[in-house]
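Below is one structure, written out as structure tokens; comments come after it.
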Amino acid sequence: MKKLLIGNAAVARGAYEAGVRVVASYPGTPSTEITEEIVKFEDVYAEWSPNEKVAAEVAIGASIGGARAMSCMKHVGLNVMADPVFTVSYTGVNGGLVFCVADDPGMHSSQNEQDSRHYAEASKILMLEPADSAECKEFTKSAFAVSEEFDTPVFIRLSTRVSHSQSLVELEEKQDIELKPYEKNIGKYVMMPANAVKRHVVVEDRISALKEWAETCEFNKTEENGSKIGVITAGISYMYAKEALGDSVDFLKLGAVYPLPDKKLKAFCDAHDTVFVIEELDPVIETYLKSLGVTNVKGKEVFTLLGEYNPAMIKKAVLGEDFAEFTDLSEAIPARPPVMCAGCPHRGTFYVLKKLGLTVSGDIGCYTLGAVAPLASVDTTICMGASVSAALGMAKARGAEFNKKLVSVIGDSTFMHSGITGLVDIVYNKGANTVIILDNSITGMTGHQDNPTTGYTIRGEETKQVNLVALCKAIGVEHIAVCDPFDVKEFERTVKAEVEREEPSVIIAQRPCALLKTVKYTGHCKINDNCKNCKACMKLGCPAISIRDNKVVIDRTQCNGCGLCVNVCPFKSIEKEGN
């Protein structure tokens, strides 16, 4: 049976058909749906781990225990899990082990555009790169068998377009894969220096064997059309190139992007006058070809290092021809920058922080939008958890008085991911920082996944709920306040009091995400005849509030009746109506 699936769902299907038993991940766009789809198969154990490092370690443990296992993450999540990944390259596997990493060219939902192929080379781990959903399923399914054959973890590299585009997938029955026996093997699995030195030899021998395998493996295919122009490409770039160039060039489509097949690459280049290497982000394949002494390749001198490619760009670079436009718009499409949703609990927090003129060390989440006008409150955003530890560095650099004008903001899920250690650092090293945990009762940015603070597992089962107050107290924080950020007067009073302290303090800004099914805002807000047109409500940046004919208006179709604007208006000119 064939079914239309997005790439992420196809990866999940491939893992299921391959007999995967354990999947551990942390949500991160564009990889999130892989694990969400895996949950639909009840005989697979799946979890949202506190962070990617833990997820990798769970999957590695399952593999050592004899099960086929998988961990999924976005490209920056691979940074977090790099430590165990590099070491499991040395230990090898027992049950097949697959790491699915989704890159984000164009930075649709990420803070950088890093190219995960560098990790494959650095860790000396086989990497496969599918181009569509059918390949997502087949490559993932095959990856488990290859993992066991070569005693290696295997990367599946996706990208935003492959992860979220749909194509037909042939559904097959699940393989009956027995749990492999577990045998104690200190030399293989205990990576103290004396053992690791010997395992490094194994890694190098394995890469040599994989290079020979890559020469004939089914994932690397040549398409001959009788042209003297050749194109070497992989993944989504292959799909763009096929659309742009059709049968006018020959293709070498790489499905295994590390290690690369030397003989196959050189033979293809020797058979063509000019070879274009089409790869988004870094010139990984191009650089490797040039290291082999190939001179007739063109890559980044005609293609950009930045963002996503498209068929028009490719056709112009390779054939010198323009790509026919499908749509001629008579007028420009207006820009629609991202904004926090109507009723977002973070809006009250940033309104107060902006009003107080505080420096805000920010983090990764919906609340990063606190940097956008008119709130324009967030000063820095680096990576998950950095808001806490970076603020300590700022305070140590600039002194106690600056610290009284500085706060960190971090979501509840991100705090569990990597903010806890930063708070430990503040307490241990005698900082006096104020940390605001934005507790919206969910992992919001990636689509409402549960986390250790919600009290539910990935399957919606009740579990122990982390008590943030008790956790902060256990770390050594003595001053902890729990506030509703929509009670702007009380929240402002609390922030003013906490930043003046000469000891660490935590404010838990507690209000659930407005999009949760359990949140039942009713009615809508309207502006009455008392309006002085002071425009204080405009400082909230609520998408339901705008100015027409120099007067503030509230759009009933967008307002959900959260009431924050009612609390902000100094003249009581906004009131709520309806239930």
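Here CZ of F219 is found 13.0 Å from CD of E129. Values are rounded to the nearest 0.5 Å. N310 CG to I236 CD1: the interatomic distance, rounded to the nearest 0.5 Å, is 11.5 Å. Rounded to the nearest 0.5 Å, atoms CG (L438) and CD1 (I410) are 9.0 Å apart. One finds the CG atom of L252 at 10.5 Å from the OH atom of Y238 (value rounded to the nearest 0.5 Å). One finds the OG atom of S133 at 12.0 Å from the NZ atom of K3 (value rounded to the nearest 0.5 Å). Here N94 contributes atom CG and N185 contributes atom CG; the two are 9.5 Å apart, rounded to the nearest 0.5 Å.
Panel note: side chain D115, backbone D282; a donor-acceptor pair is recorded below 3.5 Å. The backbone N or O of P452 lies less than 3.5 Å from no partner atom in the side chain of K464, so there is not a single donor-acceptor pair. Side-chain atoms of T233 come within 3.5 Å of backbone atoms of I278 as a donor-acceptor pair (strictly under, hydrogens ignored). Within the 3.5 Å criterion, the main-chain N or O of L254 finds no donor-acceptor partner in the side chain of N220. E461 contributes no side-chain N or O that, together with a main-chain N or O of T457, makes up a donor-acceptor pair within less than 3.5 Å. Between the side chain of H75 and the main chain of N112, a donor-acceptor pair closer than 3.5 Å is present. The backbone N or O of G106 sits less than 3.5 Å from a side-chain atom of E113, completing a donor-acceptor pair. Judged by distance alone, with hydrogens and angles left aside, the side-chain atoms of N467 form a donor-acceptor pair with the main-chain N or O of V469 at under 3.5 Å. Of the possible donor and acceptor atoms, one in the side chain of N433 sits under 3.5 Å from a partner among the backbone N and O of A391. Formation of a donor-acceptor pair under 3.5 Å by the Y119 side chain with backbone atoms of A82 is not found in this model.
By the 4.5 Å heavy-atom criterion applied to side chains, L423 and I420 are not counted as neighbours. V80 places none of its side-chain heavy atoms less than 4.5 Å from the side chain of M384. F415 is not listed as a side-chain neighbour of D363, based on a closest heavy-atom distance of 4.5 Å or more. Between P30 and L158, every side-chain heavy-atom pair lies at or beyond the 4.5 Å cut-off. For the pair T368 and Q111, the minimum side-chain heavy-atom distance is 4.5 Å or more. No side-chain heavy atom of V427 sits less than 4.5 Å from a side-chain heavy atom of V424. By the 4.5 Å heavy-atom criterion applied to side chains, T414 and S387 are not counted as neighbours. Side-chain contact between I6 and S165 is absent, with no heavy atoms from C-beta onward closer than 4.5 Å.
Side-chain atoms of R206 and S89 form a donor-acceptor pair, as typed in the model, at a separation below 3.5 Å. Judged purely by distance below 3.5 Å, without hydrogens or angles, the side chains of Y367 and T349 never pair a donor atom with an acceptor atom. With 3.5 Å as the limit, one finds a donor-acceptor pair spanning the side chains of T35 and S25. Under the 3.5 Å distance criterion, with hydrogens and angles disregarded, a donor-acceptor pair is assigned to the side chains of Y288 and D262. Between S167 and D132, the side chains place no donor N or O within less than 3.5 Å of an acceptor N or O (distance only, hydrogens not considered).
Contact check on E42 versus R459 returns no salt bridge, with no Lys/Arg side-chain nitrogen under 4.0 Å from an Asp/Glu carboxylate oxygen. Between E52 and K74 no salt bridge is recorded (no basic side-chain N to carboxylate O distance below 4.0 Å). With respect to E57 and K53, a salt bridge is recorded, a charged nitrogen being found less than 4.0 Å from a carboxylate O. Using a 4.0 Å cut-off between a side-chain N of Lys or Arg and a carboxylate O of Asp or Glu, R157 and D103 qualify as a salt bridge. Ion pairing of K137 with E170 is absent here, as no side-chain N (NZ or NE/NH1/NH2) approaches a carboxylate O to less than 4.0 Å. With respect to the salt-bridge test (charged N to carboxylate O, under 4.0 angstrom), the residues K141 and E138 do not qualify. Ionic pairing of E215 and K211 is not present here: no N-O contact between side-chain nitrogen and carboxylate oxygen is shorter than 4.0 angstrom. A salt bridge links D151 to R199: one of the charged nitrogens lies within less than 4.0 Å of a carboxylate oxygen. In summary, E223 and K253 do not engage in a salt bridge, as defined by a charged side-chain N under 4.0 Å from a carboxylate O.
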Inset, instruction - Show your reasoning for whether side-chain hydrogen bond (donor to acceptor under 3.5 Å, both in side chains) applies to T443 and N451. - result: CA-CA 7 Å; T443 306; N451 65 69; 3.1 Å; yes
Inset, instruction - Decide yes or no on side-chain contact (heavy atoms from CB on, under 4.5 Å) for S413 and Q449, but give the supporting numbers first. - result: CA-CA 9 Å; S413 177; Q449 292 80 31; over 6 Å; no
Inset, instruction - Under the side-chain contact (heavy atoms from CB on, under 4.5 Å) rule, what do R161 and H108 come out as? Steps first, then yes or no, please. - result: CA-CA 11 Å; R161 300 304 178 185; H108 299 281; 3.3 Å; yes
Legend entry - Candidate pair I177 and F144, rule side-chain contact (heavy atoms from CB on, under 4.5 Å), full reasoning: CA-CA 11 Å; I177 304 295; F144 286 97; over 6 Å; no
Inset, instruction - Take R13 and E172 through the test salt bridge (Lys or Arg N to Asp or Glu O under 4.0 Å) and record every step on the way to the result. - result: CA-CA 9 Å; R13 180 71 195 191; E172 299 172 284; over 6 Å; no
Inset, instruction - Kindly indicate, with the supporting measurements, whether the criterion side-chain contact (heavy atoms from CB on, under 4.5 Å) is fulfilled by E37 and Y16. - result: CA-CA 10 Å; E37 289 293 325; Y16 169 74; over 6 Å; no
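For S441 against T454, the heavy-atom pair with the smallest separation is O-CG2, 3.4 Å. Contact detail for V20 and R68: the closest heavy-atom pair is CG2-O, 3.4 Å. Taking all atoms of both residues into account, the shortest heavy-atom contact from V162 to A131 is CG2-O, 3.8 Å. Shown here for G7 and C136, the closest heavy-atom pair between the two residues is O-CB, 3.6 Å.
Shown here is F41, whose CZ atom has more than 12 heavy atoms of other residues, nucleotides or ligands within 6.0 Å. Other residues, nucleotides and ligands contribute over 12 non-hydrogen atoms within 6.0 Å of the NZ atom of K174. Within a 6.0 Å radius of OH in Y521, more than 12 heavy atoms belonging to other residues, nucleotides or ligands are found.
Note on ring orientation: taking the six-membered ring where Trp is involved, the planes of F99 and F155 are tilted (angle from 30° to 60°). Classified by interplanar angle (parallel below 30°, tilted 30° to 60°, perpendicular above 60°), the ring pair W213/F150 is perpendicular.
A side chain to side chain contact (heavy atoms under 4.5 Å, CB included) with V23 is found for one member of I34, V44, I458, V39 and no other, namely V44.
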